[in-house]
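Take a look at the structure below.
Note that this is a predicted model, so its numbers are computed, not measured.
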Amino acid sequence: MELEEILSELENNTGKFPRLALERAIEERSAITPVLLTALENFSNNPEELLDKNEYILHIYALYLLAQFREPLAYPRCRAKTSIELVDECQ
């Protein structure tokens, strides 16, 4: 399974758990990490646009995989999004 295929399996909810794609993503950690960071950043920057796509869940798998990888560059992207939500809810 190539990187593009892995991402295709993880991008949208199909009603089936993408076990093979996740296993391959873990095996391809160094190659997929930058793509997952970009996906997380895209979601942080455009949440409304991506949430309008009902089946889109790449950001969820990105969080899962980056946490498993203990990727330190993921934290600022998660923190920025959380900060925005908290400020919006407090107003």
Side-chain angles (χ1 to χ4, degrees):
M1 184 176 280
E2 299 294 323
L3 190 60
E4 294 79 23
E5 292 173 285
I6 295 168
L7 293 168
S8 176
E9 290 286 320
L10 300 178
E11 187 170 357
N12 293 302
N13 181 8
T14 62
K16 292 171 52 178
F17 186 73
R19 178 183 295 279
L20 179 60
L22 288 169
E23 289 172 352
R24 291 290 297 132
I26 292 166
E27 292 172 7
E28 298 292 335
R29 176 182 177 168
S30 61
I32 203 164
T33 295
V35 179
L36 297 174
L37 289 168
T38 299
L40 194 55
E41 189 163 352
N42 288 343
F43 181 75
S44 292
N45 292 334
N46 305 302
E48 295 82 14
E49 178 183 330
L50 294 175
L51 288 174
D52 284 343
K53 299 177 182 179
N54 292 335
E55 304 302 318
Y56 179 82
I57 60 170
L58 180 58
H59 60 293
I60 302 296
Y61 287 121
L63 284 170
Y64 167 78
L65 290 165
L66 293 168
Q68 182 170 340
F69 299 161
R70 297 184 187 274
E71 175 55 55
L73 294 175
Y75 176 72
R77 289 162 175 85
C78 295
R79 187 172 171 266
K81 177 62 183 144
T82 303
S83 298
I84 292 168
E85 288 176 357
L86 292 175
V87 169
D88 287 346
E89 288 184 23
C90 291
Q91 294 179 352

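- One finds the CG atom of Leu37 at 5.0 Å from the CD atom of Glu71 (value rounded to the nearest 0.5 Å).
- Every residue meeting the side-chain contact (heavy atoms from CB on, under 4.5 Å) condition with Tyr56, not counting sequence neighbours, appears here in chain and number order: Glu11, Asn12, Ala39, Leu50, Lys53, Leu58, His59.
- Going from atom CD of Glu9 over to atom CG of Leu22 covers 9.5 Å, rounded to the nearest 0.5 Å.
- Between Tyr64 and Leu10 there is no side-chain heavy-atom pair separated by less than 4.5 Å.
- In terms of modelled atom types and a separation under 3.5 Å, the side chain of Arg24 and the main chain of Ile6 share no donor-acceptor contact.
- Shown here for Pro18 and Tyr61, the closest heavy-atom pair between the two residues is CD-OH, 3.1 Å.
- Side chains of Met1 and Leu20 form a contact here, defined as non-hydrogen atoms less than 4.5 Å apart.
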- Item | Asn54 and Asn13: CA distance, side-chain angles, deciding distance, side-chain contact (heavy atoms from CB on, under 4.5 Å) verdict | CA-CA 9 Å; Asn54 292 335; Asn13 181 8; over 6 Å; no
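- Here CD1 of Ile32 is found 11.5 Å from OG1 of Thr38. Values are rounded to the nearest 0.5 Å.
- Side-chain atoms of Thr33 come within 3.5 Å of backbone atoms of Arg29 as a donor-acceptor pair (strictly under, hydrogens ignored).
- For Glu23, there are no side chain to side chain donor-acceptor pair (under 3.5 Å) partners, not counting sequence neighbours.
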